[in-house]
Amino acid sequence: LRVVDAPKRILYVEGEPRWEYKFLRRAMDTYPGVTVVSLLRTSPNKFYRQGVRDGDELADGFPATREQLFAYDAVIIGSLEAAELSTAQQSALRDFVSLRGGSLLMLGGRQGLADGGWGRSVVAAALPIQLSSRSGAQTFRRERATVMPSLTGLRTPWLQLAEGTQANIDAWQSLPELADYQTLGQVKPGALTLLEQTSSSENQRVEPLLVAQRYGRGQSLVLGTSGTWRWQMRLPSEDMRHERFWR
């Protein structure tokens, strides 16, 4: 048994300023045991850093070596094109999951997932879904969508928003709609669909929203939205469901 008296450090890389970044960071700011170190691109070749230990951390952008990347416990990639990372950096990110045993979460966005070219990247092998590798893919939609756990998600402890099965279902059903969603593609064999979304458009198709899998020593997850911030904005300030979800 190894007890470490230090917070888990999460590297969150975001390719553009957006509401999801703001509210995700806010949800985690006062959460004990976790430190979010973020790298936000504010303009071409300019990044804004938060949560760094010193002036040298992430001074040159995304970690250039495996040793630098492996110092984190988890990585979140937002609306960032895969081409922003070199092949060596992409390989290090894949190995971060499989060899280091870290966790990788990819978020939806207009420059994220398939639309950001991640289906053609080295990292694609580690992801729980088969992203489209087509150049110019447009899978991101600025349309409202409702979200509900799948049967597997309802049995997942960290997705419980309330105590008791029916109370948990009611807690999810009463959440405001997401601000957007992204079509993910085919779920890989062995991966688990934890959340599903239903768009507000006419077809109202039920599609995977949060998918996870074990990969090597670690795990990878894809969340096909950047719109959970509406849960915070359209609920009373004392409602903690948005914070509970991210924590």
Side-chain angles (χ1 to χ4, degrees), residues 1-12 20 23-36 72-78 96-98 100-108 126-129 145-178 181-182 184 187-198 206-232 234-247:
L1 178 63
R2 186 168 65 95
V3 179
V4 179
D5 186 19
K8 296 289 186 181
R9 306 190 80 235
I10 300 174
L11 173 60
Y12 179 15
E20 195 79 328
F23 286 105
L24 192 161
R25 277 203 59 94
R26 182 178 292 181
M28 302 303 298
D29 273 348
T30 60
Y31 189 57
V34 173
T35 298
V36 178
Y72 299 96
D73 298 288
V75 176
I76 301 174
I77 302 292
F96 172 81
V97 181
S98 62
R100 190 255 189 244
S103 297
L104 171 64
L105 171 63
M106 304 284 291
L107 301 179
L127 300 180
I129 54 175
T146 57
V147 56
M148 273 295 295
S150 64
L151 290 176
T152 302
L154 288 173
R155 302 188 186 102
T156 302
W158 58 271
L159 287 176
Q160 305 301 304
L161 296 182
E163 299 296 333
T165 301
Q166 189 57 51
N168 184 46
I169 292 174
D170 293 342
W172 280 101
Q173 287 180 332
S174 59
L175 282 173
E177 292 179 312
L178 300 169
Y181 68 90
Q182 194 153 0
L184 299 184
V187 177
K188 291 182 180 179
L192 300 175
T193 298
L194 302 176
L195 295 179
E196 298 172 326
Q197 62 88 7
T198 304
V206 177
E207 298 180 355
L209 182 73
L210 176 62
V211 185
Q213 74 168 5
R214 300 294 303 180
Y215 184 74
R217 300 179 62 185
Q219 63 177 339
S220 62
L221 305 94
V222 170
L223 178 63
T225 184
S226 62
T228 67
W229 59 268
R230 291 189 84 247
W231 298 348
Q232 184 72 9
R234 299 185 65 86
L235 289 171
S237 59
E238 65 271 13
D239 193 303
M240 297 294 290
R241 278 178 285 177
H242 177 264
E243 289 88 348
R244 185 165 184 172
F245 171 75
W246 280 108
R247 291 172 179 181

Measure the spacing between [atom1] of [X] and [atom2] of [Y] and express it to the nearest 0.5 Å.
{"X": "L235", "Y": "H242", "atom1": "CG", "atom2": "NE2", "value": "10.0 Å"}
{"X": "L159", "Y": "L195", "atom1": "CG", "atom2": "CG", "value": "5.5 Å"}
{"X": "L107", "Y": "L24", "atom1": "CG", "atom2": "CG", "value": "7.0 Å"}
{"X": "Q173", "Y": "Q166", "atom1": "CD", "atom2": "CD", "value": "7.0 Å"}
{"X": "E20", "Y": "R230", "atom1": "CD", "atom2": "CZ", "value": "12.0 Å"}
{"X": "I129", "Y": "L184", "atom1": "CD1", "atom2": "CG", "value": "4.0 Å"}

Could you name each residue pair satisfying salt bridge (Lys or Arg N to Asp or Glu O under 4.0 Å) that touches residues 146-175, not counting sequence neighbours?
->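 Every salt bridge (Lys or Arg N to Asp or Glu O under 4.0 Å) pair that includes a residue of residues 146-175, provided the two are not neighbours, is E163-R244.
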Holding to side chain to side chain donor-acceptor pair (under 3.5 Å), I want the full list of residues that pass it with [X], two or more places apart in sequence or in another chain.
{"X": "E196", "answer": "none"}
{"X": "T165", "answer": "none"}
{"X": "E177", "answer": "none"}

What heavy-atom pair brings [X] and [Y] nearest, and what distance separates the two atoms?
{"X": "P176", "Y": "R234", "result": "CG-CB, 3.8 Å"}
{"X": "W172", "Y": "F245", "result": "CH2-CD1, 3.9 Å"}
{"X": "Q160", "Y": "L154", "result": "NE2-O, 2.9 Å"}
{"X": "A27", "Y": "W246", "result": "CB-CB, 4.4 Å"}
{"X": "V97", "Y": "L104", "result": "CG2-CB, 3.6 Å"}
{"X": "P128", "Y": "S220", "result": "CD-OG, 3.4 Å"}

Would you find a donor on one side and an acceptor on the other, under 3.5 Å apart, between the side chain of R241 and the backbone of L161?
->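 Checking the backbone N and O of L161 against the side chain of R241, no donor-acceptor pair under 3.5 Å is found.
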Indicate yes or no for a side-chain donor-acceptor contact from R9 to the backbone of V36 under 3.5 Å, with no hydrogens or angles considered.
->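 No: the side chain of R9 does not pair with the backbone of V36.
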Does some side-chain heavy atom of [Y] sit less than 4.5 Å from a side-chain heavy atom of [X]?
{"X": "L209", "Y": "L223", "result": "yes"}
{"X": "T35", "Y": "Y72", "result": "no"}
{"X": "Y12", "Y": "L105", "result": "no"}
{"X": "I10", "Y": "I76", "result": "yes"}

Of all pairs that satisfy side-chain hydrogen bond (donor to acceptor under 3.5 Å, both in side chains), the ones with a partner from residues 210-219, not counting sequence neighbours |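 Passing the test, one end in residues 210-219: S103-Q219.
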Full working for side chain to side chain contact (heavy atoms under 4.5 Å, CB included) between V147 and W231 | CA-CA 11 Å; V147 56; W231 298 348; 3.4 Å; yes
Can you say whether the rings of W229 and F23 are parallel (under 30°), tilted (30 to 60°) or perpendicular (over 60°)?
->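 Parallel.
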Strictly by modelled atom types, are Q197 and T225 linked by a side-chain donor-acceptor pair under 3.5 Å?
->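 Q197 vs T225: no donor-acceptor pair found between side chains.
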Evaluation steps, side chain to side chain contact (heavy atoms under 4.5 Å, CB included), between R26 and Q232 | CA-CA 10 Å; R26 182 178 292 181; Q232 184 72 9; 5.5 Å; no
Check step by step if side chain to side chain contact (heavy atoms under 4.5 Å, CB included) holds for E243 and T30.
-> CA-CA 10 Å; E243 289 88 348; T30 60; over 6 Å; no
Looking at residues at least two apart in the chain, or sitting in another chain, which of them share a side chain to side chain contact (heavy atoms under 4.5 Å, CB included) with T152?
->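 Side chain to side chain contact (heavy atoms under 4.5 Å, CB included) list for T152, sorted by chain: S150, T156, L192, L194.
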